[in-house]
Chemist: 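Before I ask anything, let me first share the structure, which is written out below as structure tokens.
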There are 2 protein chains.
Amino acid sequence: MDTQAAVKLLASIAQEARLEIFRLLVQAGPNGLPAGAIADTLAIPASTLSFHLKELVHAGLANQQPQGRFIYYAANYQAMNGLMAFLTENCCQGQACTPDTACCNEKEPS
Amino acid sequence: MDTQAAVKLLASIAQEARLEIFRLLVQAGPNGLPAGAIADTLAIPASTLSFHLKELVHAGLANQQPQGRFIYYAANYQAMNGLMAFLTENCCQGQACTPDTACCNEKEPS
DNA sequence: TCTATATTTCCATAAATATAGAAATGATGT
DNA sequence: ACATCATTTCTATATTTATGGAAATATAGA
């Protein structure tokens, strides 16, 4: 993963409607949900939802799968995990990075 | 953390220059770097960098600390960790979520 | 084929965001 | 106080992104 790829993933969820859609999909599990159910749950007009779903799919954070008349959307957990790994990559110059070292996992000052 | 707060954090790194700045800070460790060093390393004009640093600080992903004539910027690891927790919250409706269940941690199909 | 339902594309408009030069502010040492 | 260096604010412009109605497309059952 490079910076541009990560920006693409981040931008796809850096928007209120899309973040809500994505979290709904994360919570829905691997089977996902049809677009209409997402629209109903989040009260988003169809064309607006379609625009946002396309963004998520293009970024790679969601997958699309037609099933009969419905199109199911599901979160791509691998892409999400890859993104999170990228964000903390080489954290603190590779120095030990545990709760004790006040680094990446630093706790509230006490 | 709510959706709007998460969007604020995500938007602050969903931009190429800012993501590079943030990762540089993550890798620099808790002491951070002065603005000028960031500008030099990433070849970003001062005013542009200042704009982006303000975004990161306002979002809460970076902290600012004056030291003499320099202003040091450091990554806020807690905010980052909080964001990552939010993104996977209630994953798969709370069902078991291990490598075996083809859920959040699902592996490549084999 | 006709009808109903699901979803997407088209389109125009509105709003938010990024860029960087120039000028202003702030801090330090002399 | 002055000169110098670090950083920010101001400003204008360019670019990207979001919104949702209306029309188009696709699927399936009667």
Side-chain angles (χ1 to χ4, degrees), chain A residues 3-25 28 31-76, chain B residues 3-25 28 31-76:
Chain A
T3 305
Q4 293 192 356
V7 165
K8 206 169 141 194
L9 293 177
L10 288 166
S12 76
I13 47 173
Q15 204 280 341
E16 194 162 352
R18 284 198 299 271
L19 181 54
E20 284 179 348
I21 295 166
F22 178 72
R23 297 222 320 144
L24 185 62
L25 295 180
N31 289 338
L33 295 169
I38 302 171
D40 291 348
T41 304
L42 301 178
I44 297 174
S47 66
T48 301
L49 177 66
S50 186
F51 168 79
H52 288 309
L53 285 173
K54 182 160 55 163
E55 296 285 309
L56 287 171
V57 170
H58 279 178
L61 273 183
N63 303 123
Q64 199 179 30
Q65 186 175 7
Q67 251 180 69
R69 291 204 281 195
F70 302 90
I71 298 183
Y72 276 75
Y73 287 88
N76 181 338
Chain B
T3 305
Q4 294 193 354
V7 165
K8 205 169 143 194
L9 293 177
L10 288 165
S12 77
I13 48 174
Q15 204 278 342
E16 194 162 352
R18 284 200 298 272
L19 181 54
E20 285 179 346
I21 295 166
F22 178 71
R23 295 222 321 144
L24 185 62
L25 294 180
N31 290 337
L33 295 169
I38 302 171
D40 291 348
T41 304
L42 301 179
I44 299 174
S47 66
T48 301
L49 176 66
S50 186
F51 168 80
H52 288 308
L53 284 174
K54 183 160 55 165
E55 297 285 310
L56 286 171
V57 170
H58 279 177
L61 273 183
N63 303 123
Q64 200 179 31
Q65 186 176 8
Q67 252 180 67
R69 291 205 282 196
F70 304 89
I71 298 182
Y72 276 75
Y73 287 88
N76 182 339

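If you're wondering where the values come from, they're calculated on a predicted model, not measured in any experiment. Only heavy atoms go into these numbers, but all of them, side chains included; no hydrogens, no water, no symmetry mates. Every chain is numbered from 1, with letters handed out A, B, ... down the list of sequences.
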Chemist: For DNA chain C, which residues of residues 44-54 of chain A approach it to below 4.0 angstrom with any heavy atom?
Modeler: A:Ala46, A:Ser47, A:Ser50, A:Lys54
Chemist: Among residues 3-19 of chain B, which ones have heavy-atom contacts with DNA chain C below 4.0 Å?
Modeler: B:Gln15, B:Arg18
Chemist: Flag the pair B:Leu25 / B:Leu61 as yes when at least one side-chain heavy-atom distance between them is below 4.5 Å, and no otherwise.
Modeler: no
Chemist: What residues from residues 32-43 of chain B pass a heavy-atom cutoff of under 4.0 Å to DNA chain D?
Modeler: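 Those residues whose heavy atoms fall under 4.0 Å from DNA chain D, taken from residues 32-43 of chain B in numerical order, are B:Pro34, B:Ala35, B:Gly36.
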Chemist: Mind checking whether B:Lys8 and B:Gln4 have side chains closer than 4.5 Å, heavy atoms only?
Modeler: no
Chemist: Of all heavy-atom pairs between B:Tyr73 and B:Ile38, which one has the smallest distance, and what is that distance?
Modeler: CB-CD1, 4.3 Å
Chemist: Would you grab the first and last nucleotide of DNA chain D (5' to 3') that comes under 4.0 Å of any non-hydrogen atom in chain A?
Modeler: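 Both ends considered, the range comes out as D:dA18 to D:dA28.
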Chemist: Strictly distance-based, threshold 3.5 Å: is any side-chain N or O of A:Thr41 a donor or acceptor partner for the main-chain N or O of A:Ala37?
Modeler: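 At least one qualifying donor-acceptor pair exists.
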Chemist: Heavy atoms within less than 4.0 Å of DNA chain C: which residues of residues 55-69 of chain B have one? Give them sorted by number.
Modeler: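 Of all residues in residues 55-69 of chain B, the ones placing a heavy atom under 4.0 Å from DNA chain C are B:Gly68, B:Arg69.
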Chemist: Is any side-chain heavy atom of A:His52 closer than 4.5 Å to a side-chain heavy atom of A:Leu56?
Modeler: no
Chemist: Quick one: does B:Arg18's side chain get under 4.5 Å of B:Phe51's, heavy atoms only?
Modeler: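 Yes. Closest side-chain heavy atoms under 4.5 Å.
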Chemist: When we call it a touch if two heavy atoms are under 4.0 Å apart, what does B:Tyr73 touch: a base, just sugar-phosphate, or nothing?
Modeler: sugar-phosphate
Chemist: Can you give me the dot-bracket string for DNA chain D, 5' to 3', counting Watson-Crick and G-U wobble pairs with both distances under 3.5 Å, using [ ] for crossing pairs and | for partners on another strand?
Modeler: ||||||||||||||||||||||||||||||
